[in-house]
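So the structure is just underneath, and the comments pick up after that.
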Amino acid sequence: MTLLSVFVGAALGAMLRYVIIMIWPVQSSYFTAILIINSVGALGMGIVFASGQLSALNGFWSVGLLGGFTTFSTMMVQSAQLPFNKQLSYLMIQLIGGMLCFYMGVIIVNIFGTMA
């Protein structure tokens, strides 16, 4: 059953990522669909983590949906496509933004309570 929940979650996450990338209107140097996708995924992971139910929700939400939705490899490709002098700042924006979103998810759970 766990394998099936990971499969379904990952398929849904990857399809959602694809749709967002296809409809994203602007391709700037830093503010890309991948930045938004990874930030939203980090926020979601912070919520799952802070709920104290990481192991119970791990298959579908963490490994599946959020794992299929977020992307490290595309972030690396986008970084490599930038001029060398912009690569580090792009990666720092991704990393710091992801950390802030993760902790924002933790704060949201701490304020509004854990998931039932």
Side-chain angles (χ1 to χ4, degrees):
M1 192 60 168
T2 301
L3 187 59
L4 180 61
S5 66
V6 170
F7 174 77
V8 171
L12 292 173
M15 287 187 292
L16 184 58
R17 175 175 19 121
Y18 177 78
V19 167
I20 291 171
I21 290 171
M22 290 297 108
I23 64 173
W24 191 254
V26 177
Q27 181 69 24
S28 69
S29 294
Y30 297 108
F31 193 66
T32 65
I34 298 304
L35 173 63
I36 299 303
I37 288 166
N38 287 339
S39 298
V40 169
L43 176 74
M45 190 61 76
I47 291 170
V48 171
F49 173 78
S51 73
Q53 300 180 28
L54 186 60
S55 61
L57 302 173
N58 198 41
F60 179 79
W61 290 104
S62 301
V63 176
L65 187 76
L66 295 172
F69 181 61
T70 59
T71 175
F72 182 81
S73 56
T74 304
M75 179 182 73
M76 291 287 109
V77 169
Q78 283 187 344
S79 172
Q81 291 171 338
L82 291 172
F84 184 74
N85 62 338
K86 291 186 177 185
Q87 291 177 3
L88 181 60
S89 56
Y90 172 77
L91 292 173
M92 292 305 294
I93 289 168
Q94 288 271 356
L95 179 64
I96 293 169
M99 291 170 61
L100 290 173
C101 287
F102 178 86
Y103 286 111
M104 211 166 29
V106 171
I107 290 167
I108 288 169
V109 170
N110 288 333
I111 290 172
F112 296 106
T114 60
M115 295 187 293

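Side-chain atoms are counted along with the backbone in the values below, which use heavy atoms only and exclude waters and symmetry mates. Not measured: the values here are computed from a predicted model.
Tyr90 and Ile36 fall within a single hydrophobic cluster, where Ile, Leu, Val, Met, Phe, Trp and Tyr side chains are chained together by heavy-atom contacts under 4.5 Å. Cluster annotation: Val109 is connected to Ile107 through the hydrophobic network of ILVMFWY side chains, with a link wherever side-chain heavy atoms come within less than 4.5 Å. The hydrophobic clustering, which links ILVMFWY residues whose side-chain heavy atoms are closer than 4.5 Å, places Val19 and Phe69 apart. Hydrophobic clustering of Ile, Leu, Val, Met, Phe, Trp and Tyr side chains at less than 4.5 Å, counting indirect connections, unites Val8 with Met15. When the side chains of ILVMFWY residues are joined at heavy-atom separations under 4.5 Å, either directly or via intervening members, Phe72 and Ile20 end up in a single hydrophobic cluster.
In this structure the side chain of Ile21 reaches within 4.5 angstrom of the side chain of Ile37, judged on heavy atoms. Looking at heavy atoms from C-beta onward, Leu43 lies in side-chain contact with Ile108 at the 4.5 angstrom threshold.
Closest heavy-atom contact between Ser62 and Val48: OG-CG1, 3.6 Å. In terms of heavy-atom proximity, Leu91 sits nearest to Met76 at CD2-CE, 3.3 Å. Taking every heavy atom of both residues into account, Ser39 and Cys101 meet most closely at O-CB, 3.3 Å.
Atom CZ of residue Arg17 and atom CE of residue Met22 lie 11.0 Å apart, to the nearest 0.5 angstrom. Between Phe84 atom CZ and Ser79 atom OG the span is 9.5 Å, to the nearest 0.5 Å. Rounding to the nearest 0.5 Å gives a distance of 12.0 Å between CG of Leu100 and CD1 of Ile93. Here the straight-line distance linking atom CD1 of Ile23 with atom OH of Tyr18 works out to 11.5 Å at 0.5 Å rounding. Here the CD1-CE distance, from Ile34 to Met75, works out to 9.5 Å after rounding to the nearest 0.5 Å. Phe7 CZ to Leu12 CG: the interatomic distance, rounded to the nearest 0.5 Å, is 9.5 Å.
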